[in-house]
There are 2 protein chains.
Amino acid sequence: MAKVTISDVAQAAGVSKATVSRYLNKHFERMSPNTRQKIAKVIEDLNYQPSFQASALKSNWTHLVGVVVADISNIYSTLLITGINEVAKAHGNQIMIGDASDDLNQQQESIELLLRQNVDGLIIQPMSQDPHDYAYLRQSGTPTVMVDRLTKPLFWPTVTSDDYASTYKLAQAVLAAGYQDILIFINKISVASTRQMRAQAFLDATQDKARVTLLETANDDPKVVADWLVQHPNAHPVVFAGNGRLLMALLLWIKDQGLTCPEDLGVCGYDDWRWAALVGPGISCVTQYPIQIGQQATELLAQIIGGKRLPATQVKVAADLNLRGSF
Amino acid sequence: MAKVTISDVAQAAGVSKATVSRYLNKHFERMSPNTRQKIAKVIEDLNYQPSFQASALKSNWTHLVGVVVADISNIYSTLLITGINEVAKAHGNQIMIGDASDDLNQQQESIELLLRQNVDGLIIQPMSQDPHDYAYLRQSGTPTVMVDRLTKPLFWPTVTSDDYASTYKLAQAVLAAGYQDILIFINKISVASTRQMRAQAFLDATQDKARVTLLETANDDPKVVADWLVQHPNAHPVVFAGNGRLLMALLLWIKDQGLTCPEDLGVCGYDDWRWAALVGPGISCVTQYPIQIGQQATELLAQIIGGKRLPATQVKVAADLNLRGSF
DNA sequence: CTGAAAGCGCTAACAA
DNA sequence: TTGTTAGCGCTTTCAG
């Protein structure tokens with residue numbers, strides 16, 4: 001089953017490759033209907049499929065959009081990719097996924113791989129806040145949009161959740177419920193802007209109305225929370241889990257310990273997905289919309305690819321606050 | 001920032017393109033260490049990145065693995081892709097995702113798109129059980145492995161969960177708990193082999209020891225369950241949700257109705273993710289391991305791409321049964 | 001051990 | 001309206 005090429009088509013249709021190429025690129029303006037039909041028929045008959053490689057090589061136009069997520073096993077990624085894929089497809093682009101496995105070096109490798117694929121554009125959920133860590137990207141001149149996390153200063157158009165506002169409101173609700181101790185259960189804070197911002201929203205809202213303790217973990221292990229509880233046997237704290245995975249880890253641990261919420265401790269966090277409503281009395285959560293973020297980012301990227309120059313500004317996608325019975 | 005090509009490198013190193021190409025393809029066998037170092041240095045200095053397109057065009061070897069999932073917004077996909085990506089990377093391949101949006105035609109489009117990208121191989125979660133629906137795939141001769149779902153007859157090596165066994169055991173546990181009515185809440189049954197098999201396992205285990213009712217939905221809506229309950233006000237059934245999304249939809253509905261489980265009705269199902277333990281008394285579930293399925297499939301694919309001829313047999317990845325308090 | 005040369009499948013001036 | 005021609009950046013015989 002030798003692959004059928006543009007030459008085969010040209011020959012079978014009795015025209016030149018150039019004409020077939022024009023047909024493929026829909027330059028019908030001044031092509032005899034006759035020729036056009038002939039080519040159409042031959043393509044149909046031979047089931048000819050133009051090669052992307054060849055076309056890309058010549059035209060420098062791959063119709064590929066690279067997507068580098070922080071951690072592909074995270075549900076956030078699925079949703080983000082779903083949104084991106086949808087819009088990319090609508091623009092005639094194919095997406096190519098890279099995974100950073102939560103590691104800056106791996107992220108760089110992924111980006112470079114995609115750059116070698118000559119992607120027309122790139123959507124990145126950046127591991128680092130420092131634009132300098134992406135110098136090679138800048139150099140390549142590839143149109144880029146960042147998602148979910150900010151770099152400081154902003155260097156690329158960036159689409160994120162507007163979660164400061166929601167998190168702030170969540171913190172206020174926690175205070176209103178009378179909690180004296182707020183534990184922020186979060187991944188090592190230095191890495192990503194989102195994490196920092198979430199913690200900050202809590203700190204800002206709380207001021208000195210309650211004690212806020214940052215409990216950092218490197219591996220999603222709620223041990224830090226357990227330790228704190230041991231050291232404060234009489235406290236009745238609320239724990240704020242800084243992302244969906246931490247929230248789940250925390251809840252599993254709570255269940256495992258035979259504790260109940262909100263009796264033994266209050267819980268709240270981020271709901272990457274829609275399961276938080278189901279647990280116990282329903283977990284109070286900030287809900288994000290990664291699908292929309294992906295869609296927005298891809299629209300922006302399409303514009304940049306199309307030649308528009310967009311400023312490096314932040315676009316925010318609203319997040320919701322769902323207050324339930326968990327604190 | 002004009003792209004640096006192999007010619008630039010050749011010139012700068014004072015050698016021919018051919019030699020640089022040999023270097024790139026690690027044909028060091030008979031290359032003077034001197035030349036080798038020279039080239040290495042120049043590549044470093046110029047930050048040269050070989051173009052995949054060009055190499056692919058000539059060598060007919062893209063190092064691309066196409067992955068077509070049934071529905072990219074499903075968590076199952078994330079896990080599958082995670083496993084595939086990991087192994088593909090280890091083999092020096094890049095994955096390219098296609099989405100079928102639960103639709104056979106869209107799946108075909110996705111596959112054809114990937115075929116045009118000249119992927120070296122394909123991993124597909126098939127929408128259809130009928131190999132004839134994939135004639136164009138067969139024709140292309142592209143190495144292919146199917147995952148998650150079977151075609152009948154088997155035409156490609158296929159990696160699936162071994163969930164018949166686990167589902168059968170689950171059904172037995174349900175019977176042992178004394179349930180008289182078993183409701184199988186499932187997507188329109190005709191489409192996918194997995195769904196069929198899950199229902200079948202229940203039917204097989206039950207025989208005539210309980211009434212089994214198939215409740216089919218086209219849109220994840222538990223209305224069919226609600227209707228059944230209205231019609232059988234005195235029954236105390238157990239509902240088996242045929243996949244993770246249905247299970248979640250069911251549980252949300254139950255919570256919404258103010259019902260509790262297992263008091264008002266028993267629940268069990270498939271846990272695509274790890275949240276089922278958290279809900280209520282813990283939902284009894286069959287747990288699958290899509291990551292492993294992805295890994296296995298990719299290993300097989302690598303072998304086929306490598307020239308090995310594998311028989312069209314089914315490889316099963318064990319699934320677990322987690323009995324908890326939900327019935 | 002290295003180079004020359006042909007060509008993968010397609011596109012895009014430039015001619016006709 | 002269509003064909004001719006010259007590559008895109010790389011790989012790979014075949015010579016040397």
Side-chain angles (χ1 to χ4, degrees), chain A residues 1-40 42-43 46-64 92 113 115-120 140, chain B residues 1-40 42-43 46-64 92 113 115-120 140:
Chain A
M1 202 86 31
K3 201 142 175 40
V4 16
T5 75
I6 199 174
S7 301
D8 301 331
V9 174
Q11 196 161 24
V15 298
S16 74
K17 292 194 302 176
T19 307
V20 179
S21 175
R22 281 184 201 109
Y23 175 92
L24 294 176
N25 295 290
K26 306 195 199 302
H27 295 164
F28 303 131
E29 307 91 63
R30 312 168 289 178
M31 182 186 306
S32 80
N34 191 355
T35 313
R36 183 171 166 180
Q37 281 170 22
K38 237 179 2 194
I39 297 178
V42 172
I43 288 181
L46 302 184
N47 189 26
Y48 164 63
Q49 309 270 91
S51 148
F52 279 121
Q53 266 88 37
S55 149
L57 186 57
K58 185 65 194 180
S59 68
N60 240 334
W61 198 237
T62 57
H63 298 282
L64 250 35
L113 216 58
L115 253 21
R116 283 185 57 188
Q117 296 280 4
N118 272 306
V119 293
D120 291 343
S140 78
Chain B
M1 201 86 33
K3 209 157 166 34
V4 17
T5 75
I6 198 173
S7 301
D8 301 330
V9 174
Q11 195 162 25
V15 297
S16 74
K17 292 193 302 175
T19 305
V20 179
S21 175
R22 282 187 199 105
Y23 175 93
L24 293 175
N25 295 291
K26 306 197 198 303
H27 294 164
F28 303 131
E29 308 91 63
R30 311 169 289 179
M31 182 186 307
S32 79
N34 191 355
T35 313
R36 183 170 166 180
Q37 282 170 21
K38 237 179 0 195
I39 297 178
V42 172
I43 288 181
L46 301 184
N47 188 26
Y48 165 63
Q49 309 271 91
S51 147
F52 279 122
Q53 265 90 37
S55 147
L57 186 57
K58 185 67 196 179
S59 69
N60 238 336
W61 198 237
T62 57
H63 298 283
L64 250 35
L113 216 57
L115 252 21
R116 284 186 55 188
Q117 296 279 6
N118 273 306
V119 294
D120 291 344
S140 79

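Everything numeric here is computed off the predicted structure, so don't read it as measured data. Just so it is clear: chains get the letters A, B, ... in the order the sequence lines come, proteins before strands, and each one is counted from 1.
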For this session: Would you name the heavy atoms of Ala12(A) and Val42(A) that are closest together and state the gap between them?
Result: CB-CG1, 3.6 Å
Check every atom of [options] against the side chain of [X] and return the nucleotide holding the closest atom.
X	options	value
Ser51(B)	dG9(D), dG3(D), dT2(D)	dG9(D)
Ser59(B)	dG9(C), dT11(D), dC10(D)	dT11(D)
Ser16(A)	dC10(D), dG9(C), dG3(D)	dG3(D)
Ser32(B)	dC1(C), dG3(C), dG9(C)	dC1(C)
Val15(A)	dC10(D), dG3(D), dG9(C)	dG3(D)
Arg22(A)	dG3(C), dT2(D), dA6(D)	dT2(D)
Thr5(B)	dA12(C), dA4(C), dC10(D)	dC10(D)
Leu57(B)	dG3(C), dG9(D), dT2(D)	dG9(D)

For this session: Ignoring hydrogens and angles, tell me if any N or O in the side chain of Arg36(A) forms a donor-acceptor pair with the backbone of Tyr23(A) under 3.5 Å.
Result: no
For this session: Please confirm whether the backbone N or O of His63(B) pairs with a side-chain atom of Asp120(B), one donor and one acceptor, at under 3.5 Å?
Result: yes
Distance in angstrom units between [X] [atom1] and [N] [atom2], rounded:
X	N	atom1	atom2	answer
His27(A)	dT1(D)	NE2	C1'	15 Å
Gln53(B)	dG9(D)	CD	P	11 Å
Lys17(A)	dG7(D)	NZ	C1'	10 Å
Gln11(A)	dG9(C)	CD	P	14 Å
Asn60(B)	dG9(D)	CG	P	20 Å
Leu24(B)	dT2(C)	CG	C1'	15 Å
Phe28(B)	dT2(C)	CZ	C1'	15 Å
Tyr23(A)	dT1(D)	OH	C1'	17 Å

Exercise. For dT2(C), does either OP1 or OP2 sit under 4.0 Å from a side-chain N or O belonging to Thr35(B)?
Worked result: yes
Problem set entry | Donor/acceptor link under 3.5 angstrom from Lys58(A) side chain onto base of dG7(D) | yes
For this session: Step by step, work out the side chain to side chain contact (heavy atoms under 4.5 Å, CB included) result for Val4(A) and Val9(A).
Result: CA-CA 8 Å; Val4(A) 16; Val9(A) 174; 4.3 Å; yes
Exercise. For DNA chain C, whose closest nucleotide is more 5', that of Ala54(B) or that of Ser21(A)?
Worked result: Ala54(B)
For this session: Given side chain to side chain contact (heavy atoms under 4.5 Å, CB included), test Leu24(B) with Tyr48(B) step by step and report yes or no.
Result: CA-CA 11 Å; Leu24(B) 293 175; Tyr48(B) 165 63; 3.7 Å; yes
For this session: Identify whether any heavy atom of Phe52(A) sits under 4.0 Å from a base atom; if not, whether one sits that close to sugar-phosphate; answer base, sugar-phosphate or nothing.
Result: nothing
